[in-house]
Structures are given as C-alpha cells and as structure tokens.
Chemist: 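Structure below; questions to follow.
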Protein chains: 2
Amino acid sequence: MKKKRRSRLPRAQRMQEIMQVAAQVFRDKGYSEALTAQIAARAGVVEGTIYRYFPGKRELLIRVVEQWYERILADYDQQLKRLQGTRARLRFMIWRHLTVIHNDPGMCRLIFNQLRAWPEYRRTTVFDLTREYTRRTLEILQQAIDSGEFRADLPLRVVRDMIYGGVEHHTWVYLRGEGDFSPDAAADAMTEMVYRGLAHALPAAPAEVALRRLEAVASRLEHSAGSATV
Amino acid sequence: MKKKRRSRLPRAQRMQEIMQVAAQVFRDKGYSEALTAQIAARAGVVEGTIYRYFPGKRELLIRVVEQWYERILADYDQQLKRLQGTRARLRFMIWRHLTVIHNDPGMCRLIFNQLRAWPEYRRTTVFDLTREYTRRTLEILQQAIDSGEFRADLPLRVVRDMIYGGVEHHTWVYLRGEGDFSPDAAADAMTEMVYRGLAHALPAAPAEVALRRLEAVASRLEHSAGSATV
DNA sequence: AACCATGATGAGCACTACTCACTAATGAAG
DNA sequence: CTTCATTAGTGAGTAGTGCTCATCATGGTT
C-alpha cells in the first residue's frame with residue numbers, strides 16, 4: 001500500500017532542493033550520464049516537477065553551476081585586498097584557482113567540459129564572473145608594469161592565457177581521477193615563471209630603467225607611510 | 001518507383017566513406033548534435049550500415065579523430081629536425097599547435113570538449129600521440145638545461161602545462177567562433193615568455209644590487225606597515 | 001467550511017542511438 | 001552460363017531519455 005506523500009513546498013525551497021540534489025548527481029555522473037529521472041527520484045519528486053522549475057536539463061546545470069560559483073567567489077576580493085605586492089597577489093590568484101579545482105573537481109569538470117562549450121555560456125553569470133576575475137589578474141600585471149616592476153613588451157593577454165590555461169592543463173590528470181597535484185607547489189612554480197618572464201632583464205641597467213624603479217620604490221614607501229599613519 | 005541502388009563496396013572503402021562524411025558532420029554540428037541518421041544519409045547508406053563498421057557513435061568519432069591526428073602529425077618530426085637551437089625548436093612546437101587549431105577548429109573542438117573527457121581517451125592513439133609530442137617539448141627544455149642554457153630550478157612539467165594550456169586558453173574565443181588570433185604573434189609572445197622564465201640570469205651589476213636592496217627595504221616597510229594597521 | 005491558486009503528478013510523446021532477422025549483390029566453383 | 005556461398009547492406013523495430021500537458025489535490029486565505 002504505497003500512498004504517495006505529496007508535500008507541497010514553497011517554490012524557492014523546492015527549487016533549492018532540486019538544485020542541491022542535481023549538483024551532486026551531476027558531480028558524480030557527469031552531465032550526460034546524469035538522468036533527470038534519477039535527479040527527480042533522489043529529490044523525492046517526479047520527473048515532470050523538475051520542468052516546473054527549470055526549462056530543461058541544460059538550464060538546470062547552468063543554475064547549479066552559477067550558484068556554486070557565486071559562493072566560491074564570495075570572499076575572493078577580501079582575501080585579495082589583504083595582500084600587498086605583485087608577487088603575493090599574483091600567486092594568490094593562481095593558487096586560488098588551483099585550490100578551487102582541487103576542492104571540487106567534479107564541479108570544475110562540468111564547467112570545463114560542458115558548460116563552457118555550450119552556446120548559452122556567454123549569457124551565464126559564470127562567464128561574467130570568470131571575465132571579472134581574469135581581468136583582475138590582468139590588472140595586477142598592468143599595475144606592475146605601470147610601477148616599472150614589469151616590462152611592457154609582452155602582450156598581457158597571452159600571459160593571462162598561460163596562467164589560466166596552465167592551471168587547467170596542470171590539473172587534467174587529477175580531473176580525470178587519475179592522480180593528484182599540489183596547489184602550493186604548482187602556484188609557486190607558475191608565479192616564479194611569470195615573474196621571471198615579465199621582470200626587467202638585468203644586463204642593461206640604463207639610467208632610465210633605474211630611475212623608474214627608484215620612483216616605484218619611492219611611491220611604495222609613500223604608500224606604506226600613508227597606510228601606517230592611518 | 002524509387003528502386004534503391006545498392007552498391008556493394010569493399011569493406012575498407014565503405015568504412016573510409018563513412019568516416020569522411022562523419023568527420024564533416026561532426027565538425028559542423030558538434031558531437032551530440034550530429035545525428036547518426038544524418039551521417040548515414042549523407043554517406044548514402046542506411047543507419048544500420050554504420051553499425052556494421054563501428055561499434056557505436058563514440059567509437060566512430062574516435063576513429064575519425066585518430067585518422068585526422070595521424071595525418072596532422074605525419075611531417076612533424078621532419079620539420080622539427082630541420083630546426084636548430086632551443087628558441088627556434090621551442091617556438092616551432094608552440095606555433096605548430098596554434099596553427100593546427102587555427103586550421104581546423106571544428107576538429108580540435110571535438111578533441112578538447114568531447115574526446116578528452118571520455119574514459120576511452122586513454123586507450124586512444126590520440127592520447128598516445130599527444131603524450132609523445134608533449135614529451136618532445138619536455139626534451140627540448142631538458143636539453144637546454146643540460147647544455148647550461150636554461151636553469152634547472154623550475155619543474156618542467158609545469159612549464160609544459162603553461163605552454164599547452166596557454167595555447168588552448170588563447171584559442172578559445174576563436175574555437176567558439178567569436179573571434180580570431182594570430183598563431184605567429186602568440187607563438188612569439190609565448191616563446192619569449194618561456195625563454196625569459198628559464199634562461200639564466202646574467203650576473204648583476206653593482207647598480208642592480210643597490211636597487212634590489214632598496215626594493216627589499218621598501219618591501220619590509222610595507223610589511224611592517226601592513227601588520228601594524230591590521 | 002468553502003475556495004482556489006498553484007505545487008505536484010504520471011501517462012505519454014518525440015527523438016535518437018542501436019539491434020537483428022532478413023535480402024540480394026558479388027565473385028568463385030562447377 | 002548456372003549455381004551457390006559469402007557477406008555488404010537493409011529497414012523495421014526497440015530501449016532509453018528529455019520533455020509536455022491535462023489533471024489532481026494541498027495548504028493558505030477568506
């Protein structure tokens with residue numbers, strides 16, 4: 001005698017429950033192996049119910065990823081603001097990305113393999129937020145150039161691509177569940193690589209370069225003094 | 001009265017025809033949008049015929065990509081052997097990868113988004129060949145280290161990841177059909193970046209040492225100021 | 001207690017990869 | 001040339017999956 005309990009939840013709550021279950025099923029099975037029937041079953045509803053809240057399976061994944069991503073990036077800015085100096089800030093951006101992947105490979109796999117390949121990707125907040133944060137990396141590099149710490153003869157876009165692409169490439173084996181990696185070690189190496197690639201070359205130290213760097217030092221000292229008094 | 005002409009081709013030839021058609025349909029539509037029915041229709045056979053030659057749609061894509069990839073890499077070695085010097089050889093590896101993507105974005109999208117995410121990927125010759133050629137890049141780097149041209153204090157794997165990951169990241173917008181890129185310009189920038197990142201630093205001039213110490217002083221002040229305010 | 005907006009249902013549809021019993025083209029043997 | 005075995009090719013049909021929609025019933029409101 002299987003009497004179905006039909007609990008009637010408020011819209012937002014039911015939506016949340018479905019998304020939470022969906023997130024886990026997507027993580028475990030991957031997008032195409034995750035069945036709407038299974039998501040529905042685990043959420044304690046019938047398949048049709050899902051479609052009352054989401055236009056389709058794709059949109060469901062998008063919403064799930066968006067929510068996850070927003071949470072991930074919540075305290076990003078505060079942590080970054082606390083850090084001083086190009087090297088520390090750069091390393092943080094790299095290390096953070098590596099760590100996110102290390103902590104939730106299932107979700108990252110969904111983003112890398114599915115979401116990013118879809119045409120809807122561009123109108124996703126994941127797209128916007130990603131742009132925002134890669135732009136932040138570009139800013140760090142640009143500031144280092146402005147202060148004379150970095151040379152300006154390499155296109156920063158390419159440097160950014162080597163950073164983010166390098167991170168992903170480095171984590172692939174792990175993402176396929178066939179190995180591990182150290183976010184710390186990788187972050188150190190990549191930061192060092194970028195730093196050396198962009199720092200001013202040593203051989204010729206013309207007066208102009210020396211002056212620029214002296215000015216940068218002076219500016220930093222002024223800044224330090226200012227923040228110290230405040 | 002449409003009497004179907006049933007031409008009976010030798011196994012190898014029919015297989016080739018199907019693969020050729022499949023390659024184009026996959027390129028145009030992407031994996032999941034490409035229908036076996038459409039591939040069959042364009043190849044002038046019936047759907048069931050495809051399954052006489054391939055175990056399934058996935059395996060069909062795998063075979064298609066394998067054949068394409070083998071052709072792509074055919075003259076790789078000869079071109080590389082002709083080049084002398086770390087910089088030229090390194091640039092060639094990068095430039096070549098960029099150019100392959102630029103020339104056949106549809107096929108590369110299939111590899112990046114589909115094939116590489118499947119569990120079968122490891123038993124693919126695409127996997128083996130890719131390993132082989134990224135290993136070749138590592139060899140170039142290692143040789144430069146052995147000859148004293150490069151320093152040995154960075155993990156080469158990470159450098160390789162920044163190269164190949166950087167290439168892919170750089171070509172994304174293009175792969176989504178929303179822009180273009182220059183293989184030459186990107187190859188130049190990336191080569192330069194790697195070169196600077198790994199080349200030995202020249203002995204520092206006295207002025208340089210003085211600047212370094214000034215910068216260190218600034219850094220210390222910043223730190224004490226920062227910890228004071230916090 | 002009556003009402004009704006709306007959360008939830010579940011049978012069924014459309015589509016697609018894949019199967020299999022069967023058909024006939026081809027080339028060799030008699 | 002005829003016969004026959006081999007096997008390329010067929011196409012109707014199946015299973016599984018995302019998705020729809022007419023209908024039910026629940027829980028807050030009046």
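To find a chain, count down the sequence lines: A is the first, B the second, and so on, and within it residues start at 1.
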Chemist: Is the distance from OP1 or OP2 of D:dT7 to the nearest side-chain N or O of B:R8 less than 4.0 Å?
Modeler: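 No, B:R8 has no side-chain N/O under 4.0 Å of OP1/OP2 on D:dT7.
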Chemist: CZ of B:R58 versus C1' of C:dT16: gap in Å, rounded?
Modeler: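 Result: 15 Å.
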Chemist: Nearest-nucleotide wise, let me know which of A:R52 and A:E33 is further upstream toward the 5' end of DNA chain D.
Modeler: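 Counting from the 5' end, the first nearest nucleotide belongs to A:E33.
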Chemist: With side chains defined as the heavy atoms from C-beta onward, is the minimum distance between B:W172 and A:R116 less than 4.5 Å?
Modeler: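 A side-chain contact exists here, since the closest heavy-atom pair is under 4.5 Å.
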Chemist: How close or far is atom C1' of C:dG7 from atom CE of A:M15, stated in whole angstroms?
Modeler: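 It works out to 13 Å between those atoms.
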Chemist: With sugar-phosphate meaning primed atoms plus P, OP1 and OP2, does A:F54 contact a base, only sugar-phosphate, or nothing at under 4.0 Å between heavy atoms?
Modeler: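 No contact.
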Chemist: If you count the non-hydrogen atoms of other residues, nucleotides and ligands that lie under 6.0 Å from CD in B:Q84, is the total more than 12?
Modeler: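 No, CD of B:Q84 has 12 or fewer neighbouring heavy atoms, counting only those of other groups under 6.0 Å.
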Chemist: Determine, for A:Y31 and A:K57, whether the Lys NZ or Arg CZ falls below 6.0 Å from the six-membered ring centre while staying within 45 degrees of the axis.
Modeler: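 The answer is yes, since A:K57 meets both limits relative to A:Y31.
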Chemist: Mind calculating the distance between OH (B:Y53) and P (C:dC18) to the nearest angstrom?
Modeler: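 In whole Å, C:dC18 P lies 18 Å from B:Y53 OH.
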Chemist: Here's a test of your reading of the structure: between A:L35 and B:T49, which maps to the more 5' nucleotide of DNA chain D?
Modeler: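 The residue whose closest nucleotide sits nearer the 5' end is B:T49.
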Chemist: Rounded to whole angstrom units, what separation is found between the CD atom of A:E47 and the P atom of C:dG12?
Modeler: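 Taking atom P of C:dG12 as the reference, CD of A:E47 is at 15 Å.
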Chemist: Any side-chain N or O of A:T36 below 4.0 angstrom from OP1/OP2 of D:dT17?
Modeler: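 No, no such contact exists.
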Chemist: Grab the CD1-P distance between B:I39 and C:dC18 for me, whole Å please.
Modeler: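 So the CD1-P distance, B:I39 to C:dC18, works out to 11 Å.
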Chemist: What is the distance, to the nearest angstrom, from the NZ atom on A:K57 to the P atom on D:dT20?
Modeler: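 Whole-Å distance recorded here is 14 Å.
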Chemist: Looking for any heavy atom pair under 4.0 Å, which part of the strands does B:A34 touch: base, sugar-phosphate only, or nothing?
Modeler: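 If one applies the 4.0 Å heavy-atom cut-off, B:A34 turns out to touch the sugar-phosphate alone, with no base involved.
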Chemist: Take atom CD in B:Q78; do more than 12 heavy atoms of anything else shown fall under 6.0 Å from it?
Modeler: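 Counting other residues, nucleotides and ligands, CD of B:Q78 stays at 12 neighbours or fewer.
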Chemist: Base, sugar-phosphate alone, or nothing: which one does A:L9 contact when heavy atoms must sit under 4.0 Å apart?
Modeler: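 Result for A:L9 = sugar-phosphate.
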Chemist: So, is the end of the B:R176 side chain (NZ or CZ) under 6.0 Å from the ring centre of A:Y121 and within 45° of the ring's axis?
Modeler: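 No, B:R176 and A:Y121 do not form such a contact.
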Chemist: Taking only side-chain N and O atoms of B:Y51, does any of them lie within less than 4.0 angstrom of OP1 or OP2 on C:dC18?
Modeler: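 Yes, such a contact exists.
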Chemist: Can you find a donor-acceptor N/O pair under 3.5 angstrom joining the side chain of A:R11 to the base of C:dT6?
Modeler: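 It does not, because no donor-acceptor pair links the side chain of A:R11 to the base of C:dT6 below 3.5 Å.
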Chemist: Nearest whole angstrom, please: distance from the C1' of C:dA17 to the CG of B:L61.
Modeler: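 Those two atoms, CG and C1', are 15 Å apart.
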Chemist: Once you round it to whole Å, what is the distance between P of D:dG11 and CD1 of B:I50?
Modeler: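 Taking CD1 of B:I50 and P of D:dG11, I get 14 Å after rounding.
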